[in-house]
Number of protein chains: 2
Amino acid sequence: MGGNSNVADVASLLCEPSRANMLQSLLDGRFHTATELAVIAGITPQTASYHLSLMLELKVVTVKKNGRHRYYQLADGQIAQVLESLLCIAPSEKINSLKKFNQNQAIRFARTCYDHLAGKLGVHLTETMVKMGILHPSGADFALTEEGKIFLTNFGIDVLRAQKKRRSFARCCLDWSERRYHLAGSLGHALLEKLFALSWIEQLPESRAVKVTETGAEGFKNVFAIQ
Amino acid sequence: MGGNSNVADVASLLCEPSRANMLQSLLDGRFHTATELAVIAGITPQTASYHLSLMLELKVVTVKKNGRHRYYQLADGQIAQVLESLLCIAPSEKINSLKKFNQNQAIRFARTCYDHLAGKLGVHLTETMVKMGILHPSGADFALTEEGKIFLTNFGIDVLRAQKKRRSFARCCLDWSERRYHLAGSLGHALLEKLFALSWIEQLPESRAVKVTETGAEGFKNVFAIQ
DNA sequence: CAAATATTTCGGCTATCATCGAAATATGAA
DNA sequence: TTCATATTTCGATGATAGCCGAAATATTTG
């Protein structure tokens with residue numbers, strides 16, 4: 001008896017370098033136009049259109065039209081999870097320029113993993129919340145403690161709203177660069193949104209890396225004792 | 001800036017149904033001959049040979065020759081990890097026969113995940129060991145407690161030898177069927193070997209499902225309070 | 001209204017991959 | 001030594017996927 005043949009279908013989404021590139025770019029959680037994605041993947045808009053249609057059909061991405069622009073983003077976090085998993089095993093790309101080195105460092109330090117914070121900062125923040133008694137590990141998830149609920153509500157997160165969502169609440173996501181877990185799920189999403197709203201972090205242009213602002217450095221230090 | 005283009009290379013290993021099927025079969029941790037794998041994948045031995053050569057070259061499988069037979073197995077657990085991850089997201093195959101239903105149940109109940117125990121039993125055993133204070137979760141791994149070291153040594157596992165191995169010691173592996181973690185790493189491997197040695201479990205013919213023996217049912221009940 | 005821009009569609013091309021029949025090679029059994 | 005089995009190699013074939021130029025369509029701008 002063989003295996004689940006749908007595995008090959010999922011893998012085929014990612015085995016084509018152009019598609020893999022575009023999907024990894026979409027891990028930044030932003031909308032991207034078709035033309036932008038074409039440039040990122042190094043293909044013509046016609047070829048990009050071909051791939052995007054395929055991914056739309058397979059419900060991997062969603063699209064919003066705004067005038068003549070088509071804005072694409074990841075449909076949900078499932079493909080992000082597979083991407084992180086493949087990134088765990090794929091050899092790192094060779095770094096042969098200072099620019100690539102800096103980009104690699106930035107991505108490793110802090111990035112969005114579709115809709116939550118990943119990288120060194122994401123993992124560090126998660127582990128700090130465990131130490132502070134906000135979260136505690138529970139199987140493939142984190143459990144939010146009572147104290148944690150109070151803490152995060154005071155921090156400005158609508159915990160109840162996050163809990164009500166149908167998706168997983170506080171899932172562990174294996175970070176490909178740190179090889180440890182960061183917080184995902186609707187709570188991870190809410191936390192990321194709050195960090196942006198507070199301007200503690202901001203997105204870098206054309207990258208899924210995020211940068212900690214001066215405000216953020218103060219905030220992480222004062223609220224989470226992270227520096 | 002795009003992503004890591006090596007992701008597509010890894011995914012391309014699994015996007016071809018024949019290869020994906022063979023690799024999933026190898027998750028049972030056994031050796032399989034080239035002809036067996038051809039049958040499993042529903043292709044001719046020539047085609048199987050073509051794919052196996054490719055996977056040998058990419059160091060995904062290893063081969064041992066014994067007379068005219070060629071015995072293949074997974075090189076290490078990395079591709080197993082990607083497979084489990086893809087199985088988390090891939091739609092389940094439709095079950096349209098009683099035989100398939102039984103096979104699916106067996107796989108879900110207990111199976112080898114290349115070199116450690118997975119499925120409901122694998123997860124349950126892992127969670128029980130956490131409750132018993134043998135293991136405790138620690139990031140992407142489990143930490144073995146002092147009591148746990150004593151317990152497992154008394155159970156007949158050479159814990160020190162497992163610790164000395166260069167691979168990860170007690171890694172969390174996300175179980176695609178339970179969506180929770182089971183124990184992987186060299187400790188997970190040693191535990192699986194012990195369960196086989198005690199004849200608490202045995203492999204089913206032509207499947208990566210494993211069956212609990214009567215001896216095993218007693219053993220799990222008496223030693224781990226699992227029933 | 002014309003020009004510019006973004007995107008899609010169409011048709012065709014090319015490269016590559018998976019397949020297998022036939023044959024060759026390697027090993028074991030009678 | 002011959003025959004049988006397992007596996008690999010070779011060469012050919014067909015399918016398909018990704019690509020893009022040209023053109024069409026949709027929307028915005030001047």
Side-chain angles (χ1 to χ4, degrees), chain A residues 2-3 5-26 30-73 79 206, chain B residues 2-3 5-26 30-73 79 206:
Chain A
S5 58
N6 293 325
V7 158
D9 292 341
V10 177
S12 74
L13 275 168
L14 296 157
C15 71
E16 221 293 312
S18 302
R19 274 199 301 277
N21 259 323
M22 290 191 280
L23 287 171
Q24 283 178 82
S25 295
L26 291 169
R30 287 163 162 147
F31 286 94
H32 286 277
T33 66
T35 304
E36 280 174 358
L37 293 168
V39 169
I40 282 166
I43 54 180
T44 66
Q46 303 92 299
T47 307
S49 192
Y50 159 78
H51 287 299
L52 287 167
S53 294
L54 182 66
M55 295 192 282
L56 259 179
E57 204 175 317
L58 298 171
K59 302 184 196 303
V60 168
V61 299
T62 58
V63 67
K64 282 189 170 72
K65 296 172 183 174
N66 188 1
R68 59 194 178 204
H69 291 286
R70 297 286 177 272
Y71 290 95
Y72 292 87
Q73 76 169 161
I79 201 74
E206 286 165 35
Chain B
S5 58
N6 293 327
V7 159
D9 293 340
V10 178
S12 74
L13 276 168
L14 296 157
C15 71
E16 221 292 312
S18 303
R19 276 199 301 277
N21 259 324
M22 290 192 279
L23 288 170
Q24 283 177 83
S25 296
L26 290 169
R30 286 161 163 149
F31 285 94
H32 287 276
T33 65
T35 305
E36 282 173 359
L37 292 169
V39 169
I40 281 164
I43 54 181
T44 64
Q46 303 94 298
T47 306
S49 190
Y50 160 80
H51 287 298
L52 287 166
S53 296
L54 181 67
M55 295 191 281
L56 259 178
E57 205 175 316
L58 298 174
K59 300 185 197 306
V60 169
V61 299
T62 58
V63 66
K64 281 187 171 71
K65 295 171 185 176
N66 187 0
R68 60 195 176 204
H69 292 285
R70 299 286 176 270
Y71 291 95
Y72 293 87
Q73 77 169 162
I79 202 71
E206 287 163 34

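Lettering follows sequence order; numbering is per chain, from 1. Since this is a predicted model, take the numbers as computed values, not measurements.
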With sugar-phosphate taken as primed atoms, P, OP1 and OP2 and all else as base, the protein-contact string of nucleotides 1-6 of chain C at under 4.0 Å (heavy atoms; B, S, -) is ---BBS

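Asn66(B) places its CG atom 18 Å from the P atom of dA26(C), with the value rounded to the nearest Å. Put simply, NZ on Lys64(B) is 22 Å from P on dA26(C), counting in whole angstrom units. If you measure from atom OH of Tyr50(A) to atom P of dG12(C), you get 17 Å, rounded to the nearest angstrom. Protein atom NZ of Lys65(A) is 17 Å distant from nucleotide atom C1' of dT28(D), rounded to whole Å. Straight-line distance from the CD1 atom of Ile43(A) to the P atom of dA17(D): 16 Å, rounded to whole Å. Counting to the nearest Å, the P atom of dA6(D) and the OH atom of Tyr72(B) are 14 Å from each other. Atom CG of Leu37(A) is separated from atom C1' of dC19(D) by 17 Å (rounded to the nearest Å).
Note on Tyr71(B): nothing from the nucleic acid sits closer than 4.0 angstrom, heavy atoms only.
For the pair Val60(A) and Leu23(A), the tightest heavy-atom approach, listed with the atom from each and the gap, is CG1-CD2, 3.7 Å.
For the OP1/OP2 pair of dT19(C) and a distance below 4.0 Å, the side-chain nitrogens and oxygens of Thr44(B) include no atom meeting the criterion. Here Thr47(B) reaches the OP1 or OP2 of dC20(C): one of its side-chain N or O atoms lies under 4.0 Å away.
Interatomic distance, Arg19(A) CZ to Leu52(A) CG, rounded to the nearest 0.5 Å: 10.5 Å. Separation of atoms CD (Glu16(A)) and NE2 (His51(A)) is listed at 4.5 Å; rounding is to 0.5 Å. Atoms OG1 and CZ, on Thr33(B) and Arg68(B) in that order, are 11.5 Å from each other to the nearest 0.5 Å. Note that CG of Leu56(A) is 10.5 Å distant from CZ of Arg70(A), once rounded to the nearest 0.5 Å. The structure places NZ of Lys59(B) at 9.0 Å from CD of Glu57(B), a figure rounded to the nearest 0.5 Å.
Distance from the side chain of Ser49(A) is smallest to dT8(C) among dC19(D), dT8(C), dT9(D). Distances from the side chain of Ser53(A) to the nucleotides dG21(C), dT9(C), dG18(D) place dT9(C) closest. You'll find that the side chain of Gln46(A) is closest to dC20(D), out of dC19(D), dC20(D), dT19(C).
For the pair Ser49(B) (side chain) and Pro45(B) (backbone), a donor-acceptor distance under 3.5 Å is absent.
Residues from residues 8-20 of chain B with heavy atoms under 4.0 angstrom of DNA chain C, sorted by number: Glu16(B), Ser18(B), Arg19(B).
Gln73(A) is not listed as a side-chain neighbour of Tyr71(A), based on a closest heavy-atom distance of 4.5 Å or more. By the 4.5 Å heavy-atom criterion applied to side chains, Leu14(B) and Val10(A) are not counted as neighbours.
Mapped onto DNA chain D by nearest heavy atom, Pro45(B) and Leu54(A) fall at different nucleotides, with Pro45(B) at the one closer to the 5' end.
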